[in-house]
Amino acid sequence: MTALQKRERLAISRPTGGAAGKTGTWRVFRPVVDREKCNDCGLCATYCPDAVINDELEIDLNFCKGCGICANECPKKAIEMVREEK
Amino acid sequence: MINNDRSSIALSRSPIRSPSLQELDIIAEIPKEEYVLKCTSACAGCSDSLALRYVLKAAGPDTVLVVPACCTSVIQGIWPNTAFNIPVYNIAFGAAAACASGMSNAFRKAGKKTNVIVYAGDGGTLDIGIQAMSGAFERGTDFLYVCYDNEAYGNTGMQRSGATPLGAKTTTTPTGKTDFKKDIDAIIAAHDPPYQATAAAAYPQDLFKKVQKALTFRGPSFIHVLAPCPPGWRYSTEKTVEMGKLAVKSGMWVLYEREYGKVTIGAQSKVAMKKPIPLEDYLAPQGRFKGIDPKTVDILKQRIVKNLAKLAAEEAAP
Ligand code: SF4
Ligand code: SF4
Ligand code: SF4
């Protein structure tokens, strides 16, 4: 048995996007950014616990859980939490 | 500003001079790299994942995380996949620091500088893991122990832990806890490690710098991170960062560092010492303090004053 095969027998998980499924389906409220008000400070991305806001300040709605921290911390009140249509 | 210039003390104890937080400011361009991939199964608004993002950004890719039973072992995702893009060793509740000790020794013997970081909850630190942790600190293990503290056993249903504050309701203290929060920082300080600090997920830049700094020391270091937890503390998810800031502003949580025994209180907590916000502002949004009796609030307030005075005296000591 090779070392690799031996290791395969251990319970090893490998890094994968979406390891816990598409967590965006959890969302009750969706963050909507008003680009007019936004001053690109980046605080929303800093505080997002799930790092779903990228450099361009685009929110990945496949994974955003809708916690609302970004909206709560935005100094310009540029993010509104809007109820998801079911 | 924080003054960390104690190089004379540092030099007499260690061959490595530690950089001050200001110096780190210059090199502390927080990397864009994310080691927590989209997405963990953490609850919406979780401080554990927020804090971990910055711990790993500070530590970088040459790091192994040792995780005892806690929310962090659960949120990684489902085998054979994990959301953590870094080697993680999941281990039994009481064994994290013992495992990290062996791992660190093996790395150093092999001439590797790999960071060994325990990332454990308050249950796995203050209660179940304390024996192994004390041993590792006593043996001078070269590692960083990060305790993210949500003040209860989060992933098993919010039972009381040694970290639960007086008066807080949990599933096992339905009328509010009748004991004080265990002072784990004082217990760690008694081991006289080169570096220990407190931090909060609500101040990620501060946490980032402290992790970077901790990893420059040879020997054991400890960072105690306040990690507000929406389902456990019963506040709505968007208030996670706000809650951490209120804890610091009310003096309920104090940000400080202890480097070779010398205490430096953080700028945010200095403000809270001069002009604290009313403790009620911190307690009111949290369901776990609902209906807390005013006498208990008074006791909490007295504890805050006492704790701040103690830290101020330690900071003033030569
Ligand atoms: S926090 Fe608000 S103002 Fe700052 S980048 Fe985000 S949306 Fe824009
Ligand atoms: S709602 Fe929460 S998860 Fe979604 S982008 Fe804002 S902070 Fe991130
Ligand atoms: S229970 Fe609390 S600490 Fe655990 S994953 Fe949920 S929010 Fe995070």
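Labels below follow one simple rule: chain letters A, B, ... track the order of the sequence lines, proteins then strands, and each chain is numbered from 1. Keep in mind that what you see is a predicted model, and the values were worked out from it rather than measured.
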Measuring from B/Thr237:OG1 to A/Asn72:CG, what's the distance to the nearest 0.5 Å?
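Here the rounded value is 9.0 Å.
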If I take atom CD1 from residue A/Ile69 and atom SG from residue B/Cys46, how far apart are they, to the nearest 0.5 angstrom?
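With rounding to 0.5 Å, CD1 (A/Ile69) is 9.0 Å from SG (B/Cys46).
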Considering only heavy atoms from C-beta outward, does the side chain of [X] approach that of [Y] to under 4.5 Å?
{"X": "B/Cys39", "Y": "A/Val52", "result": "yes"}
{"X": "A/Thr46", "Y": "B/Pro204", "result": "yes"}
{"X": "B/Thr40", "Y": "A/Lys65", "result": "yes"}
{"X": "B/Thr82", "Y": "A/Pro15", "result": "yes"}

Identify the two heavy atoms, one from [X] and one from [Y], that lie closest to each other, and give their separation to 0.1 Å.
{"X": "A/Trp26", "Y": "B/Ala42", "result": "CZ3-O, 3.1 Å"}
{"X": "B/Glu242", "Y": "A/Glu73", "result": "N-OE2, 3.5 Å"}
{"X": "A/Asp50", "Y": "B/Lys38", "result": "O-CG, 4.0 Å"}
{"X": "B/Ala83", "Y": "A/Ala19", "result": "N-CB, 3.5 Å"}

Counting only heavy atoms not in B/Lys290, do more than 12 fall under 6.0 Å of its NZ?
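Incorrect, the count does not exceed 12.
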Above 12 or not: heavy atoms from other molecules or residues under 6.0 Å from CZ of B/Phe93?
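Yes, because the 6.0 Å sphere around CZ of B/Phe93 holds more than 12 heavy atoms from other groups.
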Taking every heavy-atom pair that is under 4.5 Å apart, which of B/Leu37, B/Ile78, B/Val241, B/Asn85 has the most such pairs with chain A?
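The residue among B/Leu37, B/Ile78, B/Val241, B/Asn85 with the greatest pair count is B/Val241.
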Between [X] and chain B, with a heavy-atom cut-off of 4.5 Å, which part of the residue counts as in contact: side chain, backbone, both or neither?
{"X": "A/Asn62", "answer": "neither"}
{"X": "A/Asn54", "answer": "neither"}
{"X": "A/Ala71", "answer": "neither"}

Out of A/Cys48, A/Gly68, A/Pro49, return the one with the most heavy atom pairs under 4.5 angstrom to chain B.
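That would be A/Pro49.
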Per-residue contact mode, B/Gln76 against chain A (heavy atom under 4.5 angstrom):
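Backbone only.
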Run the numbers on B/Lys32 and A/Asp55 for side chain to side chain contact (heavy atoms under 4.5 Å, CB included), then give the verdict.
CA-CA 9 Å; B/Lys32 295 271 176 248; A/Asp55 270 356; 3.2 Å; yes
Test log, rule side chain to side chain contact (heavy atoms under 4.5 Å, CB included), inputs B/Ser41 and A/Thr23:
CA-CA 7 Å; B/Ser41 58; A/Thr23 50; 5.8 Å; no
For residues 96-106 of chain B, tabulate all N or O donor-acceptor pairs below 3.5 Å that involve a side-chain atom, not counting sequence neighbours.
| residue | atom | partner | partner atom | Å |
| --- | --- | --- | --- | --- |
| B/Ser101 | OG | B/Arg139 | NH2 | 3.0 |
| B/Ser101 | OG | B/Thr141 | OG1 | 2.5 |
| B/Ser104 | OG | B/Asp142 | O | 2.9 |

Who in residues 49-60 of chain B is close to chain A, using a strict under-4.5 Å heavy-atom cut-off?
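Those residues of residues 49-60 of chain B which have a heavy atom under 4.5 Å from chain A are B/Ser49, B/Leu50, B/Arg53, B/Tyr54.
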